[in-house]
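Every heavy atom of this structure was used, including side-chain atoms; hydrogens, water molecules and symmetry mates were not. Nothing fancy with the numbering, it's 1 onward along the sequence. It should be emphasised that the depicted structure is a prediction, and the values quoted were computed from it without experimental measurement.
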Amino acid sequence: MNKCIRLVLSLAVLLPLLTGCWDRKELNDLGIMLGLGVDKDGDQVRVSAQVVVPNEVSSKSGGGKGTPVTQYQATAATLFEAIQKLTETSPRRIFMAHIRILVFGEEYARKDGIYDVMEALMREPSVRPDYYVMVARKTTASKVLDLLTPLENIPAEKLFTSLDVSAKTWAPTTTVTGDQLVDYMLTPGIQPVITGVEIVGNQKLSGSKDNISSIISPASLHTTGLSLFRKDKLIGWLTEEESKGYNYIRDNVVSTVSHLPCGKGGAVTFKALRTSTKRKAKIVDGKPVIYIKLENVSSIAAVECGIKIGSMETLRKLEEESEERLIELMQNSVNSVRRKYHADIFGFGQEVYHADPKLFKKMEDDWNKYFDNLDVKYEANVQIKRTGTLDNSFKNDMKE
């Protein structure tokens, strides 16, 4: 009897562990989506899914006869209805666990707002929130995902990789993942900012193999400034210089290249080796004041005039001019956003909250008005550590 009881108890414990792959999905039954586009279609949502064509990306099958990806589209009242509706044209069920890029059409982002889509994707357990989010400027998301690119066979992978590299090496761009974007939309004292993408060139050839059959592609994808949001709706765009200022303030700059004029028509080019920015709010006479301190270590990459780079006096002068230039970039970015958009994209409200939560709670409902008149103090410290493999330029020594 005891043996029977022990056997029953053992089976009761072990059987739940032997259920196998109850939710398994065969790869042959799935269409793997790497890019998701969301556009406006009347009062409904049009979804564009960029799906990998396995035979064209497989080295064993030879591939090369068709395009490496295909695009399916569907329109419905909500995001997941449209995604489910893709099965009307797709022979496989759309698998969303490997989304690399989410693109919003500019019209959709302006008129409908992006929150409902972002919440739906965050709620879906199969979708990982580490995809990058972009806004299609002056075009639709479906056209962006329709463009074939060289180097990377899969356009969504190209967008993900190029944005990741650009954000680390070029100051005007930055990356925003799905979970970061939702956090920005829900956090008081900061408004979302997303990098834009634009189609440059002949859009008629963008989706065909002709676009990658020549050295210079007829159409290409370019990251183009930063888009500003108020809550979840697009309200405008930053210029390249304003985007630089924003990224310096937000401590998003990893490395970049810049220049200062010198001599008659020449310039000195700098490469940023390390950059860090600290933001802090202090309450002075009952009013918040924002202090921004930027630390930059650079090297000299090129000299187009005959200044004496080996001179400490010259280096110090270049450092001072660089400091003035960085402060100017940050000031112009803040002043432009205040004047045109009245939206705190810099997170100054968060700094005020950290300094005095009770004071910020009183200001929170009208924070954008306080932001327009907020006192901001800027400080920059630049150190030039390297001058390359040369000291002074030998441009003046050239003989005619």
Side-chain angles (χ1 to χ4, degrees), residues 32-40 46-53 56-57 66-73 98-110 114 117 130-178 181 193-229 234 236-240 243-244 247 252 256:
I32 299 176
M33 180 201 297
L34 293 185
L36 174 62
V38 181
D39 289 305
K40 187 173 176 63
R46 184 171 79 248
V47 161
S48 303
Q50 187 182 106
V51 178
V52 177
V53 180
E56 295 300 326
V57 296
T67 59
V69 294
T70 188
Q71 185 182 127
Y72 296 106
Q73 295 185 3
H98 296 289
I99 294 177
R100 299 289 272 169
I101 201 82
L102 168 63
V103 184
F104 287 101
E106 182 169 0
E107 183 184 12
Y108 183 89
R110 283 188 183 276
I114 63 175
V117 170
D130 59 349
Y131 52 85
Y132 286 157
V133 185
M134 304 185 78
V135 176
R137 189 173 188 179
K138 300 176 183 178
T139 187
T140 61
S142 63
K143 290 182 179 178
V144 168
L145 294 178
D146 187 48
L147 193 147
L148 290 178
T149 58
L151 292 184
E152 290 287 352
N153 289 335
I154 301 171
E157 190 67 31
K158 184 271 178 189
L159 280 172
F160 183 94
T161 304
S162 63
L163 181 57
D164 189 61
V165 172
S166 179
K168 294 174 182 177
T169 58
W170 185 234
T173 58
T174 189
T175 58
V176 179
T177 60
L181 180 57
V193 168
I194 305 174
T195 296
V197 59
E198 187 174 8
I199 300 175
V200 177
N202 187 355
Q203 294 190 24
K204 293 181 180 179
L205 299 176
S206 63
S208 69
K209 278 204 165 185
D210 291 338
N211 198 54
I212 55 175
S213 62
S214 58
I215 294 176
I216 300 178
S217 299
S220 58
L221 295 173
H222 288 208
T223 52
T224 170
L226 301 177
S227 59
L228 289 78
F229 285 72
L234 175 66
W237 295 86
L238 293 182
T239 65
E240 184 175 286
S243 299
K244 288 181 182 180
N247 281 325
N252 292 334
T256 191

With respect to Val135, which candidate in Thr195, Ile194, Val144, Leu102 satisfies the side-chain contact (heavy atoms from CB on, under 4.5 Å) definition?
Ile194
Polar side-chain atom of Gln71 near backbone of Ser142 as donor-acceptor pair, under 3.5 Å
yes
Would you check if the side chain of Asn247 reaches a backbone N or O of Ala171 as a donor-acceptor pair within less than 3.5 Å?
yes
To the closest 0.5 Å, what do you measure between [atom1] ([X]) and [atom2] ([Y])?
{"X": "Ile101", "Y": "Leu163", "atom1": "CD1", "atom2": "CG", "answer": "6.0 Å"}
{"X": "Leu159", "Y": "Gln50", "atom1": "CG", "atom2": "CD", "answer": "8.0 Å"}
{"X": "Leu238", "Y": "Leu226", "atom1": "CG", "atom2": "CG", "answer": "5.5 Å"}

Can you name the nearest heavy-atom pair linking [X] to [Y], along with the distance?
{"X": "Asp130", "Y": "Thr177", "value": "O-CG2, 4.0 Å"}
{"X": "Ala167", "Y": "Thr174", "value": "CB-CA, 3.9 Å"}
{"X": "Leu221", "Y": "Lys158", "value": "O-NZ, 3.4 Å"}
{"X": "Leu36", "Y": "Leu145", "value": "C-CD1, 3.6 Å"}
{"X": "Pro155", "Y": "Leu147", "value": "CG-O, 3.0 Å"}
{"X": "Ala141", "Y": "Phe104", "value": "CB-C, 4.1 Å"}

Before you tell me yes or no, could you show the steps for Thr139 and Glu198 under side chain to side chain contact (heavy atoms under 4.5 Å, CB included), namely the whole-Å CA-CA distance, both residues' side-chain angles and the distance that decides it to 0.1 Å?
CA-CA 7 Å; Thr139 187; Glu198 187 174 8; 6.0 Å; no
NZ/NE/NH1/NH2 to OD/OE distance under 4.0 Å, Glu106 and Arg137:
no
For a 4.5 angstrom cut-off between non-hydrogen side-chain atoms, does Leu34 reach Val51?
no
Face-on cation placement of Arg100 at Tyr131 ring, 6.0 Å and 45° thresholds:
no
